[in-house]
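Notes for the one structure printed next.
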Number of protein chains: 2
Amino acid sequence: MNQQVQPGAAIEETLRVVGDRWSILLVRAGLRGIRRFDDFCDDLGIARPVLTERLRRLVKFGIFERVKYQDKPVRYEYRLTEAGLALSPALVALVRWSEEYSQEVSSETTLVHAPCGTELEQAFWCRSCQTTFGPHAVKGVGVNGES
Amino acid sequence: MNQQVQPGAAIEETLRVVGDRWSILLVRAGLRGIRRFDDFCDDLGIARPVLTERLRRLVKFGIFERVKYQDKPVRYEYRLTEAGLALSPALVALVRWSEEYSQEVSSETTLVHAPCGTELEQAFWCRSCQTTFGPHAVKGVGVNGES
DNA sequence: GAGACTGAGTTCGAAATCCGAACTCAGTAG
DNA sequence: CTACTGAGTTCGGATTTCGAACTCAGTCTC
C-alpha cells in the first residue's frame with residue numbers, strides 16, 4: 001500500500017522494463033547487429049523461455065520491433081527501434097563505468113570517438129552556458145520547483 | 001561450454017552487480033541523500049531481506065561503504081563511494097531516456113545544470129577534437145584493434 | 001526499572017522467476 | 001522419406017523474491 005509517485009519515478013518505470021539482467025544485454029546485442037532468436041540465445045546464453053518473454057516485453061515497450069524477414073516459412077527477427085537505439089548513452093555510460101571501476105575484468109575494449117580514435121569522455125552539456133560539466137553540477141527540478 | 005570473453009564483456013560483469021531491479025534504484029536513492037537501512041526500505045519499498053543482501057553486495061563491489069555513524073547503539077549507514085557516484089552518468093542517461101521515451105509516466109522531474117537551471121543534454125566529449133558528439137560517432141576498439 | 005520505541009537486521013513459508021533439456025511445428029533440402 | 005532449421009513452447013526442478021513477523025541492543029519516558 002504505497003506506490004505514490006516519487007520524484008523521478010520515471011526511472012522506476014524504466015527499470016521495470018529494462019532493469020533485469022538480460023534486457024540491457026539484449027539491447028547491446030541488438031546494437032551489435034544481432035537480430036534472430038537463436039542468435040540472441042547463443043550470444044547471451046539466455047534460456048529460451050526467458051528470451052521469449054523478454055523479447056515480447058521489449059517489443060511491447062517499443063524497444064524492439066518484430067519484423068517478418070521471410071515468408072515461406074514465416075520468420076521474424078527483432079530490430080531495435082529508435083527508442084531502443086536511444087538507450088545507447090546509458091549503455092555507453094555503463095561500459096565506461098565498468099572500464100574504470102569494475103575489478104577483475106580486463107577491459108579488452110575501449111570506446112573511442114570514431115573520426116579521430118581518441119578515447120571518449122562522457123559529459124553533460126549545457127546549451128546556455130556552452131560548457132560541459134560533471135555529475136556534481138546536476139540537479140533535479142520538479143514541476144513545483146522542489147530540489 | 002560458454003563464457004568465452006566477448007568484446008565488451010566488462011558490461012556483463014557490471015550488470016551482474018548492478019543489473020537487477022534494485023541496485024540502480026539504491027544508487028539513485030544514495031544520490032538523493034538516503035543513507036539508512038530503514039530509509040532505503042521505506043523509500044523504495046524493497047523487501048528487507050533483499051535490501052540486506054543487495055547492500056552487502058554493493059558494499060562488496062565498492063559502490064557503497066558501510067560507515068558507523070553512532071556508537072551507543074552501534075549503527076551503520078551506507079554511503080556511496082566514488083565508484084558509486086561515478087554511476088551517475090548511467091543514471092542520468094536512464095532518466096533522460098525515460099523522460100523522452102517512457103510512455104505512461106508523467107515525468108515530473110527534469111535534470112538541469114545546477115548553476116543556470118538549463119535542462120541538460122548528455123553528450124560524449126572528445127578531448128582531441130574539442131567537440132561533443134552523439135552515439136553514432138562512438139566506436140569500440142579492442143586491444144588488437146578489432147572493430 | 002517496566003514498558004514502549006528504534007534502527008538494523010534475520011527467519012520463515014508462499015509465490016514468482018530462472019534454468020536446461022526436450023518437444024512442437026512449418027517449411028526446406030536431399 | 002528422412003534430416004535439418006528457426007522460432008518458439010512445455011516441463012520439472014532450483015533459485016530469488018516477497019511480505020510479515022521476529023530478534024536484539026540500546027534508549028526514552030515515567
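Just so it is clear, the values below take in all heavy atoms, side chains as well, and ignore hydrogens, waters and symmetry mates.
B:Thr81 contributes a side-chain N or O that, together with a main-chain N or O of B:Gly84, makes up a donor-acceptor pair within less than 3.5 Å. Between the side chain of A:Trp22 and the main chain of A:Leu44, no donor-acceptor pair closer than 3.5 Å is present.
As rounded to whole Å, 12 Å separates atom C1' of D:dA7 from atom CG of A:Asp39. If you take CD1 of A:Ile34 and P of D:dA7, they are 13 Å apart, rounded to a whole angstrom. The interatomic distance linking A:Leu51 (CG) with D:dA7 (C1') rounds to 10 Å, in whole Å. To the nearest angstrom, P of C:dG7 lies 17 Å from OH of B:Tyr76. As a whole-Å value, the separation of B:Leu44 CG from D:dC18 C1' is 15 Å. If you measure from atom CZ of A:Phe40 to atom P of D:dG8, you get 11 Å, rounded to the nearest angstrom. The distance between atom CZ of A:Arg75 and atom P of C:dA26, rounded to the nearest whole Å, is 11 Å. Whole-Å rounding puts the A:Arg16 CZ to D:dT17 P distance at 15 Å.
The phosphate of D:dT16 (OP1 or OP2) has no side-chain N or O of B:Trp22 nearer than 4.0 angstrom. Using a 4.0 Å cut-off, no side-chain N or O of B:Arg56 falls inside it from OP1 or OP2 of C:dA8. For the pair B:Tyr78 and C:dG7, the criterion of a side-chain N or O lying under 4.0 Å from OP1 or OP2 is not met. Between B:Lys72 and D:dT27 there is a side-chain N or O to OP1 or OP2 distance below 4.0 Å. For the pair B:Arg48 and D:dT23, the criterion of a side-chain N or O lying under 4.0 Å from OP1 or OP2 is not met. OP1 or OP2 of D:dC18 lies within a sub-4.0 Å distance of a side-chain N or O belonging to B:Arg21.
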query = Do B:Thr14 and A:Glu99 pass the side chain to side chain contact (heavy atoms under 4.5 Å, CB included) test, and can you show the C-alpha distance, the side-chain angles, and the key distance before you say yes or no?
reply = CA-CA 9 Å; B:Thr14 299; A:Glu99 281 173 7; over 6 Å; no

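Heavy-atom nearest nucleotides on DNA chain C were determined for B:Tyr69 and for A:Arg54, and the one closer to the 5' end corresponds to B:Tyr69. Of the two residues near DNA chain C, B:Glu77 and A:Asp71, the one whose nearest nucleotide lies more 5' is B:Glu77.
Across all strands, B:Arg35 comes closer than 4.0 Å to no nucleic acid atom at all (heavy-atom distances).
When distances run from any side-chain atom of A:Asp38 to the nucleotides C:dT10, D:dG6, C:dA8, the shortest one goes to D:dG6. Each of C:dC18, D:dG19, D:dT10 was ranked by its minimum atom distance to the side chain of A:Val50; first place goes to C:dC18. Listed nucleotides: C:dG20, D:dG8, D:dG26. Nearest to the side chain of B:Pro73: D:dG26.
Here the OG-CZ distance, from B:Ser23 to B:Arg57, works out to 5.0 Å after rounding to the nearest 0.5 Å.
Remark: A:Arg79 engages A:Glu77 in a salt bridge, criterion side-chain N to carboxylate O under 4.0 Å.
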